[in-house]
Amino acid sequence: MKFVRWFLGRVILLLNAVFTPKSMTRSALEQSEVNVAAEKLRLYQFDACPFCVKVRRSAKRLALPLKTLDAKKAEFEQELIQGGGKRKVPCLRIEKEDGHVEWMYESTDIIQYLEKRFA
Ligand SMILES: N[C@@H](CCC(=O)N[C@@H](CS)C(=O)NCC(=O)O)C(=O)O
């Protein structure tokens with residue numbers, strides 16, 4: 001079972017690499033604003049998790065330089081559990097203007113949020 005999951009994960013990564021989505025283009029000014037906004041976002045994720053791949057592909061389409069953190073590493077796993085409340089990925093950490101932090105789970109919700117904000 002572990003091997004099957006590992007193997008499927010590799011297939012997902014391979015397909016993702018072969019069929020990489022095209023990034024949208026913006027003016028230099030708009031892109032620099034997106035880059036600044038992206039600094040307040042962190043995606044806690046696993047490399048080969050299909051839901052995480054979905055979110056990363058959405059960020060790629062939106063030309064959003066989204067920083068990813070591997071939640072299999074003890075340090076980031078702890079941050080995720082303490083901040084978000086559970087060890088589940090993907091989870092988007094959103095730092096608001098006023099410093100308040102929101103932890104968003106569910107790939108569909110995350111993608112919807114990113115598209116609403118950056119599309
Ligand atoms: N409905 C969730 C499913 C997320 C999910 O099942 N993630 C798995 C990894 S693929 C997970 O975090 N499992 C908990 C664990 O491995 O500890 C979504 O769309 O984000």
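Because the structure is a prediction, the values reported are computed rather than measured. Both counts, for ligands and for their atoms, begin at 1 and track the order of listing. Numbers for residues simply follow the sequence, beginning at 1.
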Legend entry - salt bridge (Lys or Arg N to Asp or Glu O under 4.0 Å) partner of E77, chosen from K86, R87, K72: R87
Inset, instruction - Scan K40, R93, K96, R42 and name whichever one has a salt bridge (Lys or Arg N to Asp or Glu O under 4.0 Å) with E102. - result: K96
Inset, instruction - From the options R57, R117, E115, select the one residue that forms a side-chain contact (heavy atoms from CB on, under 4.5 Å) with L62. - result: E115
Legend entry - V89 heavy atom under 4.0 Å from ligand 1: yes
Report the nearest protein non-hydrogen atom to [atom]: residue, atom name, distance rounded to 0.1 Å.
| atom | result |
| --- | --- |
| atom 16 (O) of ligand 1 | R87 NH1, 3.3 Å |
| atom 19 (O) of ligand 1 | S107 OG, 2.6 Å |
| atom 9 (C) of ligand 1 | C49 SG, 3.8 Å |

Inset, instruction - Give yes if a backbone or side-chain nitrogen or oxygen of K88 is under 3.5 Å from a nitrogen or oxygen of ligand 1, and no if not. - result: no
Inset, instruction - Consider every N or O of E106 and every N or O of ligand 1, then say whether any pair is closer than 3.5 Å. - result: yes
Inset, instruction - Using a strict 4.0 Å cut-off to heavy atoms of F46, name the atoms of ligand 1 that fall inside it. - result: 16 (O)
Inset, instruction - Tell me yes or no: between the side chains of E39 and N35, is some donor less than 3.5 Å from an acceptor? - result: no
Legend entry - atom 7 (N) of ligand 1: any protein heavy atom closer than 4.0 Å: yes
Inset, instruction - Step through the shown structure and confirm whether more than 12 heavy atoms of other residues, nucleotides or ligands are within 6.0 Å of CZ on R5. - result: no
Inset, instruction - Could you tell me which non-hydrogen atom of D47 sits nearest to which non-hydrogen atom of R56, and how far apart they are? - result: O-NH2, 2.9 Å
